[in-house]
Amino acid sequence: MDSIREELLGFYKNAGTKVVDASHDQDTTDLHKCVSYIQDLPILKNQNICILVAGALGGRFDHEIGNINVLCRFPSMRIILLSDDCLIQLLPCGHHHEIHIQSTVEGPHCGLIPIGGPSERSTTTGLQWNLTDAEMRFGGLISTSNIVKGDIVTVQSDADLLWTISLRKGW
């Protein structure tokens with residue numbers, strides 16, 4: 001947070017927040033630095049944690065892509081990027097993902113987007129338009145504007161996919 005306003009930094013310091021200055025590293029984003037810090041905490045070793053990143057979307061596009069890149073840089077960590085309208089998380093390839101839908105908060109619109117390369121085989125259940133060994137790639141099919149039809153969505157793919165789902169207003 002090398003561009004943080006001094007009064008805001010002072011507020012958090014006065015509230016007892018530990019501040020780590022990593023502004024010398026301009027090759028990684030603030031989010032990347034935060035996730036690295038969390039990953040290296042001894043108390044969290046071998047823990048199944050989820051990092052919820054509020055305000056990660058809806059700003060500058062290059063910052064949004066940088067935040068999505070962090071998902072790909074830390075594929076073994078569960079990181080959820082959150083905006084006012086949706087959430088995004090990485091579904092690493094080779095796993096059977098079971099997504100439990102909180103229908104009072106999430107949905108119904110969702111999507112699956114291959115990231116880092118094409119998917120030759122992606123299969124889903126629980127969607128209005130399920131995929132069955134579908135090929136997805138930029139410049140071809142990607143699963144956007146789909147609809148969640150149940151409480152559980154399953155996804156299996158031979159490529160990393162971004163899962164995105166809309167958030168309901170007023171929750």
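- One N or O on the side chain of T17 and one on the backbone of Y12 form a donor-acceptor pair closer than 3.5 Å.
- Put simply, the side chain of D158 gets close to the backbone of R121: a donor and an acceptor are under 3.5 Å apart.
- With hydrogens and angles disregarded, a donor-acceptor distance shorter than 3.5 Å links the side chain of D160 to the backbone of C93.
- With hydrogens and angles disregarded, no donor-acceptor distance shorter than 3.5 Å links the side chain of N69 to the backbone of I65.
- Judged by distance alone, the side chain of E64 and the main-chain N or O of G59 form a donor-acceptor pair under 3.5 Å.
- Between the side chain of T144 and the backbone N or O of G111 there is no donor-acceptor pair closer than 3.5 Å.
- With contacts defined as side-chain heavy-atom distances shorter than 4.5 Å, the pair L162/L91 does not qualify.
- Between the side chain of R168 and the backbone N or O of S103 there is at least one donor-acceptor pair closer than 3.5 Å.
- With hydrogens and angles disregarded, a donor-acceptor distance shorter than 3.5 Å links the side chain of T124 to the backbone of L131.
- A distance-only check finds a donor-acceptor pair linking the side chain of E106 to the backbone of Q102 [under 3.5 Å].
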Apply side-chain hydrogen bond (donor to acceptor under 3.5 Å, both in side chains) to the pair N130 and T125, showing each step before the final yes or no. CA-CA 6 Å; N130 281 311; T125 64; 5.5 Å; no

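- Between M77 and Q39 the shortest side-chain heavy-atom distance falls below 4.5 Å.
- Considering only residues two or more places apart in sequence or on other chains, H109 meets the ring pair (Phe, Tyr, Trp, His ring centres under 6.0 Å) condition with none of them.
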